[in-house]
Amino acid sequence: MNTTENSAAAEENVLRSPKFWLAPVILVGIVMGLLAWLYMGWILNPQDNIRNFPIAVVNQDEGATVPASPGSPSPSGEKENLGNTITTALLDNVPKSQVDLKQMDWATAQSEMSKGTVYGAIVIPSNFTTATGELAIAAAKGTPITKPTITVYTNPRAGSIPVALVQGITTPALAAVNTKVAAQLTAETNEQLKSAGAPALSGPGAYVLSEPITVSDVQFHPLPAGTGFGLSAFYYSLLLVLAGFTGATIVNSLVDGMLGYIPSEVGPKVVNRARVGLTRFQLLLVKWACVTFMATAISGLYVGVCTALGMSIPNMLLLWLYGVLAISAIGITAMSVMAAFGGIGLLINLIVFVILDLPSSGGTIPLEAEPRVYSVLSIFEPMRQVFLGVSSIIYFDAQSAAGLGRALLMTVIGLLIGVLFGLFVTRYYDRKGLDRTAAEPA
């Protein structure tokens with residue numbers, strides 16, 4: 001049997017092997033199944049996964065003297081503070097395992113929302129008890145009066161879904177509080193009317209006291225135009241991660257082809273260049289240099305394109321610089337993985353930088369409303385760190401406490417890990433004489 005016949009027989013045996021047909025199906029099935037489980041589990045029921053969701057409670061109520069009868073202050077000077085009662089009722093009506101109600105003053109609440117560490121605030125005004133007492137008196141007399149108001153501040157810079165979750169949490173809790181205060185006011189007013197020999201509440205007066213509190217929803221520091229309802233930071237972070245991961249993959253193939261390590265194919269044309277005599281270590285340094293140059297250009301391109309599209313970017317220079325760092329860190333690390341594991345490194349990078357990365361970023365659904373596995377992944381997954389940096393720059397005046405400090409630290413750590421890993425592996429391969437020569441056919 002000649003060489004051509006041997007080759008044809010070998011090809012036929014390969015094509016007839018069940019492993020040839022099952023291997024891609026199994027491998028793709030594992031990857032896509034993991035992708036489906038992680039992504040759909042990430043977005044389907046955020047309200048069922050809520051835990052430690054931070055909302056501030058600000059009780060500014062100064063209290064007031066309890067009237068002994070409608071229209072007459074008590075000479076005893078007995079004080080009542082409905083703000084304290086409502087704060088206690090809120091703590092009782094909100095599941096502690098799901099919501100972290102933080103009692104604080106208004107200045108602290110504003111500071112926390114300005115950093116994105118609190119998703120909303122329930123504010124009870126200083127005259128709440130007084131206004132509620134005046135409402136009861138007006139209801140007894142049948143005169144019109146404005147109801148006391150509790151304000152719920154949402155934090156749109158933290159994202160549109162946290163806003164919806166804050167409203168979904170506070171609406172039923174304050175409805176329960178309204179019912180409790182209504183029963184208390186109605187009972188006290190009827191008791192006072194009875195003591196004064198007047199008839200009990202009915203008609204308009206009873207209706208007013210059946211829902212005595214007005215709840216007002218207000219956006220804290222509304223987002224400017226060009227932020228995509230708070231999603232611009234997430235998608236910009238995604239662009240940076242993809243530039244690092246995809247850019248490294250493209251650079252890896254291009255450099256290998258141009259230096260003769262793999263054939264270059266353009267349509268039907270295949271070019272086999274003479275191989276350049278570089279060690280694995282030297283080749284990795286060349287690829288890292290290409291990635292860094294690419295990161296500098298692509299980060300500038302992103303800023304330019306997004307500015308042209310009308311995206312709100314308060315600090316373009318800082319966003320460009322952080323983009324260069326983020327793309328370089330991800331690209332260099334991805335390149336090191338491919339240098340260490342070869343073709344399978346692409347799959348490893350796909351899992352680390354895409355499949356596990358997006359749902360653990362907290363960029364669309366907050367981590368407090370995702371399954372716990374994503375909170376664990378967010379400790380080290382790159383997109384979480386990149387998102388914190390980008391959102392801090394775009395939405396929170398580039399405050400270190402709003403995430404930029406952690407983003408810079410973790411991005412630099414990731415870069416150092418990628419560099420050290422790549423140096424160790426390639427130098428080890430070079431010392432062992434494992435150069436990139438073509439392997440013998442199996």
Side-chain angles (χ1 to χ4, degrees), residues 43 45-62 81-129 131-132 135 146-185 208-223 229-231 362 364-370 395-396:
I43 58 110
N45 297 299
Q47 67 278 3
D48 295 340
N49 298 311
I50 293 177
R51 66 191 180 284
N52 303 321
F53 194 83
I55 298 177
V57 178
V58 180
N59 179 20
Q60 298 177 314
D61 191 10
E62 297 174 353
N81 190 308
L82 284 175
N84 292 336
T85 303
I86 288 174
T87 300
T88 301
L90 284 170
L91 293 171
D92 291 341
N93 283 284
V94 171
K96 293 179 176 59
S97 61
Q98 295 181 338
V99 183
D100 182 14
L101 283 181
K102 301 173 179 286
Q103 297 185 61
M104 59 185 70
D105 58 44
W106 179 228
T108 304
Q110 291 181 86
S111 175
E112 294 297 312
M113 285 194 287
S114 295
K115 294 183 292 187
T117 53
V118 165
Y119 295 134
I122 302 170
V123 180
I124 304 168
S126 58
N127 67 336
F128 186 80
T129 299
T132 305
L135 177 69
T146 303
K147 294 181 179 181
T149 300
I150 292 177
T151 304
V152 175
Y153 287 90
T154 55
N155 195 359
R157 293 170 189 263
S160 55
I161 290 183
V163 167
L165 290 173
V166 167
Q167 293 171 336
I169 291 167
T170 57
T171 297
L174 288 173
V177 167
N178 220 342
T179 301
K180 182 175 181 178
V181 173
Q184 179 180 335
L185 280 180
V208 168
L209 291 190
S210 67
E211 192 174 333
I213 303 170
T214 297
V215 178
S216 175
D217 289 327
V218 177
Q219 288 190 349
F220 178 79
H221 289 180
L223 286 164
F229 299 101
L231 289 174
T364 52
I365 299 174
L367 293 175
E368 295 87 353
E370 295 183 12
Y395 302 148
F396 300 111

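What you see is a predicted model; the values in this text were computed from it and never measured.
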Thr117 versus Glu112, side-chain donor and acceptor atoms under 3.5 Å: yes
Side-chain (Asn155) to main-chain (Met113) donor-acceptor, under 3.5 angstrom: yes
Backbone of Pro156 reached by a side-chain donor or acceptor of Ser160 within 3.5 Å: no
Side-chain donor-acceptor contacts of residues 81-90 below 3.5 Å, not counting sequence neighbours, with atom names and distances?
from	atom 1	to	atom 2	distance (Å)
Asn81	OD1	Gly83	N	3.0
Asn81	OD1	Asn84	N	3.0
Asn81	ND2	Asp61	O	3.1
Asn84	OD1	Asn59	ND2	2.8
Thr87	OG1	Gly83	O	2.8
Thr88	OG1	Asn84	O	3.0

Distance-minimising heavy-atom pair for Ser216 and Thr149: CB-CG2, 3.8 Å
Parallel, tilted or perpendicular, as decided by the 30° and 60° cut-offs, for the rings of Phe220 and Tyr153: perpendicular
Distance-minimising heavy-atom pair for Phe396 and Ser114: CD2-O, 2.9 Å
For the student: nearest non-hydrogen atoms of Val58 and Ala109, plus distance: CG2-CB, 3.8 Å
Identified side chain to side chain contact (heavy atoms under 4.5 Å, CB included) partner of Thr151 from the options Thr214, Val218, Asp217: Val218
Side chain Lys96, main chain Leu91, donor-acceptor under 3.5 Å: yes
Shortest non-hydrogen contact from Ala56 toward Val118: N-CG1, 3.7 Å
Closest heavy-atom pair and its distance - Pro212, Asn178: CD-OD1, 3.1 Å
Greater than 12 external heavy atoms within 6.0 Å of Lys147's NZ: yes
Any donor-acceptor N/O pair, Arg51 side chain to Asp100 backbone, under 3.5 Å: no
Arg157 side chain to Lys115 backbone, donor-acceptor under 3.5 Å: no
Any residue meeting side chain to side chain donor-acceptor pair (under 3.5 Å) with Thr108, in chain and number order, not counting sequence neighbours: Asp105
